[in-house]
**Q** 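Take this structure first; my questions come after.
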Amino acid sequence: DYLTRYDVDTDNGRKVPRAYNYSRSWLLGPRIGLNTEWLFGAGFGMRANGAAALFYQHFKETLKRELLDNPPAIASYYKSKQGFINPSLEAALGFGWGSYLGNRCCHLDLSAFYEFKFFFNQNMLGWLNGTVSNLDAAPNDLSFQGLTINLRFDF
């Protein structure tokens, strides 16, 4: 269950509009992937991983705008519940080294990966805000990327 919230206060002359925006979602679905490892010798190797998922995702969004009069007046209020079939993609490529220590009683493994994760159609708040404002907007995608370094010690 993911919850996204952002609040906005702006000074627009005499009245100060305030916006409360909430988005909550959950997802469920199959994921298939492949993890590979090629050993080069002397404990060095290369690893490549990839995965794809197709899941059902349920979104619940709330947009509320109010004007800070005395008392506060609600300028607009929108609620939306929607379900979508969304895909996601993952990929990782990295190198590693591993070796047994002592009398093969312990194993040390060091690896570095560069990973990409891409989730389609995730920014429903932006999409709903554009729809309410009569803008031609589509839900934006969400992506993560970065370096992951692992140090593993087995005994």
Side-chain angles (χ1 to χ4, degrees), residues 1-11 17-66 76-133 135-155:
D1 194 23
Y2 298 100
L3 174 66
T4 304
R5 174 186 171 160
Y6 66 91
D7 300 335
V8 179
D9 292 337
T10 58
D11 187 358
R18 178 175 287 160
Y20 300 98
N21 305 294
Y22 300 91
S23 178
R24 185 176 294 259
S25 72
W26 58 265
L27 57 94
L28 179 68
R31 178 180 177 268
I32 187 166
L34 179 65
N35 296 338
T36 63
E37 184 171 358
W38 294 281
L39 298 176
F40 299 140
F44 290 96
M46 184 174 113
R47 297 175 186 166
N49 303 333
L54 187 63
F55 48 84
Y56 172 78
Q57 188 165 13
H58 182 80
F59 290 95
K60 206 157 97 171
E61 301 92 22
T62 302
L63 298 176
K64 178 181 171 187
R65 291 180 178 80
E66 62 184 30
S76 61
Y77 184 79
Y78 299 96
K79 264 190 145 174
S80 173
K81 290 182 182 180
Q82 308 173 69
F84 294 97
I85 303 293
N86 285 333
S88 74
L89 299 172
E90 301 175 33
L93 181 64
F95 294 94
W97 172 83
S99 179
Y100 285 97
L101 306 174
N103 192 15
R104 297 186 68 90
C105 68
C106 306
H107 186 265
L108 181 65
D109 189 62
L110 175 65
S111 62
F113 283 92
Y114 200 80
E115 298 183 83
F116 298 92
K117 295 185 186 237
F118 198 83
F119 298 91
F120 295 88
N121 303 326
Q122 293 300 301
N123 186 3
M124 289 298 160
L125 275 177
W127 174 76
L128 183 59
N129 197 10
T131 303
V132 168
S133 303
L135 299 174
D136 189 20
N140 294 32
D141 302 328
L142 174 66
S143 65
F144 299 100
Q145 63 176 326
L147 181 66
T148 302
I149 298 174
N150 294 319
L151 176 63
R152 182 174 156 174
F153 182 69
D154 297 318
F155 55 93

**Q** Please assess Asn86 against Leu27 for the test side chain to side chain contact (heavy atoms under 4.5 Å, CB included), listing each intermediate value before the final yes or no.
**A** CA-CA 9 Å; Asn86 285 333; Leu27 57 94; over 6 Å; no
**Q** For Arg31 and Ala51, work out which heavy atoms get closest and say how close.
**A** NH2-CB, 3.4 Å
**Q** Going by heavy atoms in the side chains, are Asp109 and Asn150 under 4.5 Å from each other?
**A** no
**Q** Find the distance between OH (Tyr114) and CZ (Phe95) and round it off to the nearest 0.5 Å.
**A** 15.0 Å
**Q** Heavy atoms only: give me the nearest Ala48-Trp38 pair and the separation to one decimal.
**A** CB-CZ3, 3.8 Å
**Q** Working to the nearest 0.5 Å, report the span between NZ of Lys60 and CD of Gln82.
**A** 13.0 Å
**Q** Measuring only between side-chain heavy atoms, which start at C-beta, is Glu37 closer than 4.5 Å to Asn35?
**A** no
**Q** How many angstroms lie between CD in Glu90 and OG in Ser143, if you round to the nearest 0.5 Å?
**A** 12.5 Å
**Q** Can you tell me how far apart OG (Ser88) and CD (Gln57) are? Round to the nearest 0.5 Å.
**A** 9.5 Å
**Q** Counting only heavy atoms not in Phe155, do more than 12 fall under 6.0 Å of its CZ?
**A** no
**Q** Are side-chain heavy atoms of Phe113 and Asn49 found at a separation under 4.5 Å?
**A** yes
**Q** Could you pull out the closest heavy-atom pair between Ala52 and Leu89, with the gap in Å?
**A** CB-CD2, 3.9 Å
**Q** I want to check something: taking the side chain as every heavy atom from C-beta on, are Ile149 and Leu147 in contact at a cut-off of under 4.5 Å?
**A** yes
**Q** Sub-3.5 Å donor-acceptor pair from the side chain of Thr36 to the main-chain atoms of Arg47, do we have one?
**A** no
**Q** Is the Phe116-Phe118 ring centre distance short of 6.0 angstrom?
**A** no
**Q** Counting only N and O atoms by type, is there a donor-acceptor contact under 3.5 Å from the side chain of Asp154 to the main-chain atoms of Cys106?
**A** no
**Q** Any ion pair linking Glu61 and Arg24 (charged N to carboxylate O, less than 4.0 Å)?
**A** no
**Q** Evaluate the criterion side chain to side chain contact (heavy atoms under 4.5 Å, CB included) for residue pair Trp97 and Leu108; output intermediate values, then yes/no.
**A** CA-CA 8 Å; Trp97 172 83; Leu108 181 65; 4.0 Å; yes
**Q** Quick check for you: to the nearest 0.5 Å, what is the distance between Gln145 atom CD and Glu115 atom CD?
**A** 11.0 Å
**Q** Please examine the side chains of Lys79 and Tyr22, heavy atoms only from C-beta on, and report whether any two atoms are closer than 4.5 Å.
**A** no
**Q** Look at the rings of Phe119 and Phe55 and say which category their plane angle falls in: under 30° parallel, 30 to 60° tilted, over 60° perpendicular.
**A** tilted
**Q** I need the minimum non-hydrogen distance between Ser23 and Phe59, along with the two atoms involved.
**A** OG-CD2, 4.3 Å
**Q** Enter the distance from Ser111:OG to Phe44:CZ here, rounded to the nearest 0.5 Å.
**A** 13.0 Å
